[in-house]
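Working notes, structure below.
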Amino acid sequence: MLLERFLPRIEFDSYEDFKKNYTVNVPEDFNFGYDIVDAWAQQDKNKRALVWCDDHDHERVLTFDEVSRLSNRAANFFRSIGVEKGSVVMLILRRRWEYWVCATALHKIGAILIPGTLQLTKKDIVYRAESAKICTLVCLADDFVVAQAEQAQAATDTIRNLVLVPNGRDEFVPREGWISFHDALENFSEEFPRPTGEEATNCNDTMLVYFTSGTTGMPKMIQHNFSYPLGHIVTAKYWQQVQENKLHMSVSDSGWAKFGWGKIYGQWICGATIFAYDMDKFVPLHLLEKITQYQVTTFCAPPTMFRFMLQEDLSKFDLSCIKHCCIAGEPLNPEVFNKWYELTGLKLHEGFGQSESSVMLANFQWFDPIPGSMGKPSPLYNIALVDSDGTICEDGDEGKIVVQGIDKGLPVGLFNGYYLDEEMTRENLGGTEYNTGDVAWRDSSGYYWFVGRSDDVIKCSGYRIGPFEVESVLIEHPAVVECAVTAAPDPVRGQVVKATIVLANGYTPSDALVKELQDHVKKGTAPYKYPRIVEFVEELPKTLGGKIKRAQIRKEDSDK
């Protein structure tokens, strides 16, 4: 097992033993591409890395040896178009199998990877390209994605290369101005020696950047270094409980941090086989069919997906192949936990963390999960709850979740800064603790319970949506004088985006105007961020200082 190279001890007798004695060794030159992918390939040429399928009867099974050789070809290709150590490349590939090949190749080169969702608009891509100095886009051959990428390239000087990957649905047609990824690979060697000297990677070099939404300003650039994958050993082995050579499935698009949590790093380090279902859209019936057809062993998805699956007749599916289920991305309703357990005999193990981290709190194997609880702290993080004065909270009291002791060294798995922003890095990581911005309370048994964000980020079906981004688009419409975007409770999605709007003179509320504003948001930013609820008011509630009281709007909605 490769784990023995990084963990002095793998098995533990209790949660207390795990919390006290778990440690991970981080080699100074650790590189996921060489030390995990290539290492497994050298150990067993036939060991499966990825089982991939889509909605169009396509299937691809890749061994670690094949991923190793394909990623070497890809690394040589990327090098040929100017991608080198420190270059920034964005992948917009949904769940295509090529993502794993490209990611491994970029890690081997030492380039910086930025995942992107298919729903990014021209405006989103331009912002990311100029903020992070993106030189290359690798995109799915999707009409919307291609159009947004081409418009973005025309609007900025940073994007030099456009690389196209088939979508698996339509016949692939080469496009002017784009490099065909598959055609390009044919021209390059399967050998890519590990770089040495200045081209070699160090565990402190930046490997990955996530753009994450906040309540003020545009998305921030969360940077992780090359040690980040090792932080996800806890995520994969001890929370998701993946098994070597068995199929693990986390339902996530490659554009989100959850993909890094559940579909590549910790799972491959543990020797599990990743099952990737590249669905065109989420259809509960189809997902259940794939799980049973391919015999998935461990499974992780947002609570919303479990809610939808529970609407199906589960008696038609033999889910006995699943040995362990996890949920993350939003709080879990106890009703979902209880119903899933009643119908499958499987308890849902909730976990908590951020784009900035690996799993921070989770329901681990040594204790029973309690419906609605996030569980207990990971051994990697010294977690505490503090009040507004910075005082440690007693059991039962609500406080902000913080990671203490970061002045003595950042835990492996925690982000190490904001890319190209030293001031923001100092503000958030320059002291003795990192404040997650989330609020929770702890019971007398040590279980943690999520309360909510201390800011206003909306979590809808596992997506994080920053109100500022939606408000900035809405305010561009002539009908909108002022608006507040908040989370409204929803029985299926957990939360949905709500826009409370003050109209300009000459405009009156109507269903037609609601649709017009929703369409306006879909065109101005990623479509999933549009407000599903629009309410027109005479004025917004505000503090004496003139700040909008979003908490009051949320409370009124929750009391309805």
Side-chain angles (χ1 to χ4, degrees), residues 50 90-96 99-100 103 113-120 207-213 219-220 222 224 228-229 231-242 248-270 272 274-279 281-282 287 296 298-308 324-332 348-363 374-375 378 413-415 436 438 450 453 457-466 493-495 526 528-529:
L50 179 69
M90 176 179 274
L91 304 182
I92 307 178
L93 293 175
R94 199 172 59 197
R95 301 174 184 86
R96 285 288 304 184
Y99 181 95
W100 285 265
L113 165 61
I114 296 181
T117 170
L118 267 66
Q119 296 169 310
L120 295 177
M207 180 190 87
L208 180 68
V209 170
Y210 292 125
F211 277 78
T212 185
S213 297
K220 301 174 180 62
I222 304 299
H224 287 282
Y228 173 65
H232 280 302
I233 295 174
V234 171
T235 308
K237 179 169 179 59
Y238 300 102
W239 172 48
Q240 296 171 344
Q241 295 189 34
V242 303
H248 172 77
M249 182 183 192
S250 284
V251 184
S252 175
D253 184 297
S254 64
W256 305 97
K258 186 69 192 303
F259 189 97
W261 275 50
K263 298 185 84 157
I264 183 167
Y265 298 120
Q267 297 70 34
W268 273 0
I269 294 173
C270 294
I274 294 164
F275 175 65
Y277 169 33
D278 187 22
M279 61 185 83
K281 64 179 180 178
F282 170 54
L287 179 57
V296 169
T298 49
F299 179 69
C300 185
T304 297
M305 291 192 173
F306 283 98
R307 292 189 193 104
F308 278 111
H324 191 73
C325 285
C326 292
I327 67 102
E330 57 191 353
L332 172 66
L348 297 177
H349 292 67
E350 186 170 351
F352 165 83
Q354 303 179 311
S355 301
E356 290 89 342
S357 72
S358 54
V359 69
M360 288 180 156
L361 295 145
N363 287 278
M374 298 184 290
S378 158
L414 187 67
F415 79 124
T436 67
D438 286 293
F450 184 79
R453 290 290 298 174
V457 171
I458 302 162
K459 287 188 174 181
C460 176
S461 299
Y463 294 139
R464 283 170 54 88
I465 301 169
R493 294 178 173 83
Q495 295 179 336
Y528 69 85
K529 299 176 184 177

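These numbers come from a predicted model, not from an experiment.
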Quiz item: For Q119, which residues count as a side-chain contact (heavy atoms from CB on, under 4.5 Å) partner, sequence neighbours excluded?
Solution: T117, Y463, A526, P527, Y528
Quiz item: Can you list the residues that meet the side-chain contact (heavy atoms from CB on, under 4.5 Å) rule with A301, with sequence neighbours excluded?
Solution: V251, F299, M305, F306
Hey, are the side chains of [X] and [Y] touching, using non-hydrogen atoms and a 4.5 Å cut-off?
{"X": "V209", "Y": "L113", "value": "no"}
{"X": "V234", "Y": "S378", "value": "yes"}
{"X": "I264", "Y": "W100", "value": "yes"}
{"X": "P115", "Y": "Y210", "value": "yes"}
{"X": "D253", "Y": "F259", "value": "no"}
{"X": "L120", "Y": "M90", "value": "yes"}
{"X": "Q240", "Y": "H349", "value": "no"}
{"X": "H224", "Y": "L414", "value": "no"}

Quiz prompt | Criterion side chain to side chain donor-acceptor pair (under 3.5 Å) against D278, the qualifying member of R95, R94, R96 | solution = R94
Quiz item: Quick one: which of Q241, H248, Q267, H324 gives a side chain to side chain donor-acceptor pair (under 3.5 Å) with T298?
Solution: H248
Closer than 3.5 angstrom, by distance alone: can the side chain of [X] be matched with the main-chain N or O of [Y] as a donor-acceptor pair?
{"X": "K263", "Y": "S250", "answer": "yes"}
{"X": "S357", "Y": "V359", "answer": "no"}
{"X": "E350", "Y": "N363", "answer": "no"}

Applying ring pair (Phe, Tyr, Trp, His ring centres under 6.0 Å), name anything that partners [X], two or more places apart in sequence or on another chain.
{"X": "F308", "result": "F282"}
{"X": "F415", "result": "Y418, Y434"}
{"X": "Y277", "result": "none"}

Interatomic distance, [X] atom [atom1] to [Y] atom [atom2] [nearest 0.5 angstrom]:
{"X": "L348", "Y": "C326", "atom1": "CG", "atom2": "SG", "result": "8.5 Å"}
{"X": "I274", "Y": "M249", "atom1": "CD1", "atom2": "CE", "result": "12.0 Å"}
{"X": "I233", "Y": "I269", "atom1": "CD1", "atom2": "CD1", "result": "4.5 Å"}
{"X": "Y238", "Y": "C270", "atom1": "OH", "atom2": "SG", "result": "7.5 Å"}
{"X": "S254", "Y": "L91", "atom1": "OG", "atom2": "CG", "result": "7.0 Å"}

Practice problem: Could you list the residues that satisfy side chain to side chain donor-acceptor pair (under 3.5 Å) with H232, not counting sequence neighbours? | Solution: Y228, T235
